[in-house]
Amino acid sequence: MSAFIAWFSFAPLGPAIKKSLKLSRNDILIANITSVGSTVFARFAIGPVMDMVGPRLGQAFLLAFCAIPTFFAGLVQNLGGLAVVRALVGVVGATFVGCQFWCSVMFSKDIAGTMNAIAGGWGNLGGGLTQAIMVGLYNLNLASPTCNAECAWRNAFYIPACALLCAAAAVYYLGDDSPKGKWVPMHKNAGGAAGEVVSNVQVWILVIQYSVCFGMELHVNNTAALYYNTRFGVNLTTAGLVASLFGLMNLFARAWGGMISDYCYAKYGMPGRKWAHIIITVGEGIMLIIFSRIGSFGGAIVAMIVFSLFVQSAEGSTFGIVPYVDPPRTGGVCGFVGAGGNIGAVLWGVLFLFTDTFANGYMYLGIIVVAVGITGVAINVKDDPLSQKSMHSVMDNTADGKTSIDMKGRTV
């Protein structure tokens, strides 16, 4: 959660930063693109690395590293500086890979959708909370007689930077790699594991699917406050608070997607997970189109909330499938699929550079989401007990090695 608060800490302050640095709408969009673009490479890289070093060390490093550019974010003076800082802070988005990898190791596959969705959803919740937190810090600073609007937004970044350091320390000193402790890698090198993941067609299908759900969430988190500010004329505080509702749905919406996926799996096997995901994703696209066409402030809020429920449920249903794709290389699969979300966010940001209004941009994206959701029929992941058991063999090599774990997570 602290990672996403820091990652999206710039978005709610966008209007103030835009005014202070004398930037255009497209300048802000370019900075948004660098933020999500850097995460693409970070997620591709960190998945195979975590397969080697384990989720605890990888996660702690990312959190500590990204605290540094967050701390200095208030020093930027122009578009170039803003883009560089946002790119460096954007690396923290790769912590999502460690989160999903960690859950896949800690819990059995029959509840993979629910556990990955709850952990991922509460992490993504930071993207909503930051809308309220950063605006609150801005107003708190502004209340000081010695701090003007520029001082207010610049000083607001110290809090998320400190939160990252605290989270890094907690992960490193209090976390365990697996239920039995120390991580033992299943592969001799990260490159070999990455090669196996890259050659798996199902990985790339899920990359595309994730680009229109998590990629959409990233894009909306970066643009919603500015959208409400420019289209409906509300002030920065109101725009930020309303935009926060989109991310706050992560409190339960992503978990719903995981639970629906697990329920359909229990009833219909892997085809159940696939069709649940397709239906949710198509529903997401339809709601985005509706949201883009509503011209009233109140109606837009209601449509955005319903749209958000579908977006985050689609994320949960995607990662209900991920642990089955290649269990021995789950870290790499999580990294590549997670990067798909950021690839989507980059593409949607570029698309907005060439649209006349945000409303039309959202409509075009809704059409794209519906089309991609339908292509989910190409998902063909097998429920292979032997392959799943190999994932848990990593825990047979940890700690005392006295207990083995079968695919359902029962000790035998």
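Since the model is a prediction, treat every value here as computed from it, not as a measurement.
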Q: Check step by step if side chain to side chain contact (heavy atoms under 4.5 Å, CB included) holds for Thr238 and Tyr228.
A: CA-CA 9 Å; Thr238 302; Tyr228 282 110; over 6 Å; no
Q) So Val282 and His277, side chain to side chain contact (heavy atoms under 4.5 Å, CB included) or not? Walk me through it. A) CA-CA 9 Å; Val282 171; His277 172 72; over 6 Å; no
Are the side chain of [X] and the backbone of [Y] linked by a donor-acceptor contact shorter than 3.5 Å?
| X | Y | result |
| --- | --- | --- |
| Ser144 | Asn141 | no |
| Trp102 | Asp176 | yes |
| Arg154 | Ala149 | no |
| Thr357 | Asn360 | yes |
| Ser244 | Leu241 | yes |
| Ser20 | Ala16 | no |
| Asn229 | Leu226 | no |
| Ser2 | Ala167 | no |
| Ser35 | Ala31 | no |
| Thr130 | Ile133 | no |

Nearest non-hydrogen partners of [X] and [Y], listed with the distance:
| X | Y | answer |
| --- | --- | --- |
| Ala303 | Ile294 | CB-CD1, 3.5 Å |
| Ile260 | Ala276 | CG2-CB, 4.0 Å |
| Val369 | Thr281 | CG1-O, 3.4 Å |

**Q.** Aromatic plane relationship, Phe319 with Phe96 - under 30° parallel, 30 to 60° tilted, over 60° perpendicular
**A.**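 Perpendicular, since the angle between the ring planes exceeds 60°.
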(Q) Can you classify the ring geometry of Trp204 versus Phe336 as parallel (below 30°), tilted (30 to 60°) or perpendicular (above 60°)? (A)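 Trp204 vs Phe336 ring planes: perpendicular.
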Q: Report yes if the SG atoms of Cys162 and Cys166 are separated by under 2.5 Å, and no otherwise.
A: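 No, no disulfide: SG-SG not under 2.5 Å.
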Q: Report the C-alpha separation of Tyr172 and Leu57 in whole Å, then their side-chain angles, then the decisive distance to 0.1 Å, and conclude whether the side chain to side chain contact (heavy atoms under 4.5 Å, CB included) test is met.
A: CA-CA 7 Å; Tyr172 184 80; Leu57 291 179; 3.6 Å; yes
Does any donor atom in the side chain of [X] or [Y] lie under 3.5 Å from an acceptor atom in the other side chain?
| X | Y | answer |
| --- | --- | --- |
| Arg86 | Asn32 | yes |
| Asp326 | Gln202 | no |
| Thr237 | Asn139 | yes |
| Thr375 | Gln209 | yes |

Q) Can you list every pair that meets side chain to side chain donor-acceptor pair (under 3.5 Å) and has a residue in residues 295-314, with sequence neighbours left out? A)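 Those involving residues 295-314 are Ser308-Gln312.
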Q.
Within the 4.5 Å heavy-atom criterion, are Leu365 and Met216 side-chain neighbours or not?
A.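 Yes, close enough: below the 4.5 Å cut-off.
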Q: Using the salt bridge (charged side-chain N to carboxylate O under 4.0 Å, His left out) rule, take Asp262 and Arg273 through it: C-alpha gap first, then chi angles, then the decisive distance, then the call.
A: CA-CA 7 Å; Asp262 285 345; Arg273 289 196 189 275; 2.8 Å; yes
Q: Under the ring-ring contact (aromatic ring centres under 6.0 Å, His included) rule, what do Phe352 and Trp348 come out as? Steps first, then yes or no, please.
A: CA-CA 6 Å; Phe352 265 44; Trp348 315 147; 9.5 Å; no
Q | Qualifying residue, where the test is ring pair (Phe, Tyr, Trp, His ring centres under 6.0 Å) with Phe291 and the options are Phe310, Phe358, Tyr362 | A |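 Exactly one candidate clears the test, Tyr362.
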Q. Do you know which of Tyr138, Phe10, Trp7, Phe72 makes ring pair (Phe, Tyr, Trp, His ring centres under 6.0 Å) with Phe157?
A.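 Among Tyr138, Phe10, Trp7, Phe72, the one meeting ring pair (Phe, Tyr, Trp, His ring centres under 6.0 Å) with Phe157 is Phe10.
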Q: Check the pair Leu206, Val322 against side chain to side chain contact (heavy atoms under 4.5 Å, CB included), reporting the backbone distance first and the verdict last.
A: CA-CA 8 Å; Leu206 291 177; Val322 164; 4.2 Å; yes
